[in-house]
Amino acid sequence: MQGCKKVVSIQDISGLGRCSLTVVIPVLSAMGIQVCPVPTAVLSAHTGYSEFVMRDLTDFMKPALEHYKKMDMKFDCVYSGFLASSEQIDHCLEFFEAFPDALKVVDPVMGDGGKAYKTYTKELCSRMVELVKVADIITPNLTEAAILLGEEYPTASMCSSEIKSWLVRLSKQGAKIVVITSVNLADGGMSTVGYDKENNSFWKIKNDYVPAHYSGTGDMFTSVLIGGLLKGDSLPIAMNRATAFTELTVKTTYSYQTPWTDGLMLEGQLPWLTSYQELRDYTNL
């Protein structure tokens with residue numbers, strides 16, 4: 001019997017508001033994958049709340065890595081998400097270097113809706129490129145893609161040739177696979193797009209529009225994508241799986257008119273991840 005795949009997930013954990021590790025752990029666990037969390041910070045509530053209490057755990061990261069190295073641990077994936085300081089980028093780079101055989105995934109969490117998050121300084125955003133350079137897979141939303149490329153956030157819909165150019169340019173920074181979420185395409189509406197550099201293939205999945213925004217959506221998408229790829233999905237099928245589950249939880253949450261700060265109501269939807277699904281919504285971009 002084959003053992004569980006192991007994913008080191010380097011990001012914060014918040015008590016209120018489903019995001020980061022409180023999304024990553026249940027999603028990947030439901031997909032039969034073990035999550036080994038390396039928390040970058042502990043928060044009473046995520047930063048979208050008007051008030052929160054935070055404890056920075058930067059000084060925990062290096063000792064945790066040294067312990068894993070001492071134990072000669074092997075991991076199938078190292079996955080970084082929300083980071084609280086420039087120093088934490090250095091520690092993420094050390095994790096990636098320590099486990100060269102692991103799939104390296106960077107969700108370059110920096111902003112949304114055309115703006116950087118209030119905790120992300122210009123220095124932190126510019127240093128995110130260092131992580132992107134060593135990643136196998138990156139999963140920015142459109143805002144984060146613009147920041148990484150030094151482009152203005154597009155307020156109008158994008159044509160296919162333009163977003164293809166962005167995907168290729170991002171891959172030239174280092175990643176083999178680039179997936180951009182929340183892209184408004186002129187010929188496809190709100191979509192998720194992806195690029196596989198090795199096969200020079202471009203993929204698109206159309207998203208149903210829901211007039212709401214929730215914390216943790218990107219964390220959920222990237223976690224399902226990682227789970228699918230580790231279990232043998234092709235890139236378009238993994239994208240389809242991640243998009244479909246995220247859309248399901250967004251629609252469920254919207255139907256209850258849940259405040260955006262609460263995050264996505266994923267608990268009741270987790271069985272979907274283990275049920276058989278016909279995933280055929282992907283098309284060539």
Side-chain angles (χ1 to χ4, degrees), residues 3-15 17-43 46-47 54-69 71 73-85 87-110 128 131-132 134-141 144 175 177 179 181 215-231 238 241-242 245-246 249 263-264 266 270 273:
C4 283
K5 302 275 189 181
K6 291 185 178 70
V7 173
V8 173
S9 185
I10 308 171
Q11 45 198 305
D12 69 285
I13 184 165
S14 297
R18 305 169 182 89
C19 65
S20 300
L21 286 172
T22 56
V23 169
V24 175
I25 293 172
V27 165
L28 283 172
S29 296
M31 298 181 78
I33 294 168
Q34 180 183 352
V35 179
C36 305
V38 176
T40 57
V42 176
L43 297 89
H46 66 64
T47 58
M54 177 177 171
R55 294 291 180 268
D56 189 294
L57 295 179
T58 302
D59 61 357
F60 168 77
M61 297 173 71
K62 191 174 184 66
L65 173 59
E66 294 304 319
H67 182 224
Y68 293 150
K69 288 163 65 176
M71 295 178 66
M73 291 298 297
K74 306 296 181 187
F75 296 103
D76 299 284
C77 175
V78 178
Y79 163 27
S80 71
F82 180 88
L83 301 176
S85 69
E87 186 180 349
Q88 290 185 353
I89 287 185
D90 293 323
H91 293 316
C92 286
L93 290 168
E94 291 170 351
F95 265 90
F96 288 140
E97 183 179 0
F99 305 104
D101 296 330
L103 183 68
K104 301 170 185 66
V105 181
V106 172
D107 183 5
V109 181
M110 293 184 287
M128 188 62 72
L131 284 186
V132 168
V134 301
D136 297 312
I137 301 171
I138 61 171
T139 58
N141 61 32
E144 292 152 355
I177 290 174
V179 177
T181 58
S215 66
T217 306
D219 304 315
M220 177 177 291
F221 177 89
T222 300
S223 297
V224 179
L225 183 81
I226 290 170
L229 292 172
L230 288 178
K231 293 174 75 68
R241 191 182 306 280
F245 184 69
T246 302
T249 56
L264 297 170
L266 60 91
L270 290 172
L273 292 169

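Just so you know, these numbers use all the heavy atoms, side chains as well, and skip hydrogens, waters and symmetry mates.
In terms of the side chain to side chain contact (heavy atoms under 4.5 Å, CB included) criterion, residue partners of T58 (sequence neighbours excluded) are, by chain and number, D56, S85, E87, Q88, H91. Under the side-chain hydrogen bond (donor to acceptor under 3.5 Å, both in side chains) criterion, T249 pairs with no residue at all, not counting sequence neighbours. Among residues two or more places apart in sequence or in another chain, the side chain to side chain contact (heavy atoms under 4.5 Å, CB included) test is passed with I89 by L83, L93, L124, R127, L131. Take T181 and apply the side chain to side chain contact (heavy atoms under 4.5 Å, CB included) test, not counting sequence neighbours, and it matches N141, T192, F221. When the side-chain hydrogen bond (donor to acceptor under 3.5 Å, both in side chains) test is applied to S80, no partner is found at least two apart in sequence or on another chain. Applying the ring pair (Phe, Tyr, Trp, His ring centres under 6.0 Å) test to Y68 and every residue at least two apart in sequence or in another chain returns F75. Among residues two or more places apart in sequence or in another chain, the ring pair (Phe, Tyr, Trp, His ring centres under 6.0 Å) test is passed with Y79 by none. Scored by the side chain to side chain contact (heavy atoms under 4.5 Å, CB included) test, L103 finds C77, V105, D136, I137, L230 as partners (sequence neighbours excluded).
Here K5 contributes atom NZ and L229 contributes atom CG; the two are 11.0 Å apart, rounded to the nearest 0.5 Å. Going from atom CD of Q34 over to atom OG of S9 covers 12.5 Å, rounded to the nearest 0.5 Å. Atom NZ of K69 and atom CZ of F99 lie 8.0 Å apart (nearest 0.5 Å). Here T217 contributes atom OG1 and D219 contributes atom CG; the two are 8.0 Å apart, rounded to the nearest 0.5 Å.
The two residues S215 and H46 have their closest heavy-atom pair at OG-NE2, 3.3 Å. Contact between L57 and P39 at its shortest, heavy atoms only, is CB-O, 3.5 Å. Scanning both residues, M54 and A84, for their nearest heavy atoms gives CE-CB, 3.8 Å. Of all the heavy atoms in L225 and A242, the pair that sits closest is N-CB, 3.7 Å. The two residues S223 and M31 make their nearest non-hydrogen contact at O-SD, 4.4 Å.
Applying the salt bridge (charged side-chain N to carboxylate O under 4.0 Å, His left out) test to residues at least two apart or on different chains, the pairs with a partner in residues 91-106 are K62-E94. For residues 21-31, the set of pairs meeting the salt bridge (charged side-chain N to carboxylate O under 4.0 Å, His left out) definition, not counting sequence neighbours, is empty. Residue pairs meeting the salt bridge (charged side-chain N to carboxylate O under 4.0 Å, His left out) criterion with at least one partner in residues 18-35, sequence neighbours excluded, are R18-E267.
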Return all side-chain donor-acceptor pairs below 3.5 angstrom for residues 20-29, not counting sequence neighbours, or 'none' if the list is empty.
from: S20; atom 1: OG; to: D12; atom 2: OD1; distance (Å): 2.7
from: T22; atom 1: OG1; to: C19; atom 2: N; distance (Å): 3.2
from: T22; atom 1: OG1; to: C19; atom 2: O; distance (Å): 2.8
from: S29; atom 1: OG; to: I25; atom 2: O; distance (Å): 2.7

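The main-chain N or O of V7 is never found under 3.5 Å from a side-chain atom of D76 such that the two would form a donor-acceptor pair.
Side-chain contact between M128 and E144: absent, with no pair of heavy atoms (C-beta onward) separated by less than 4.5 Å. Residues L270 and F245 have side chains in contact (heavy-atom distance under 4.5 Å, counting atoms from C-beta outward).
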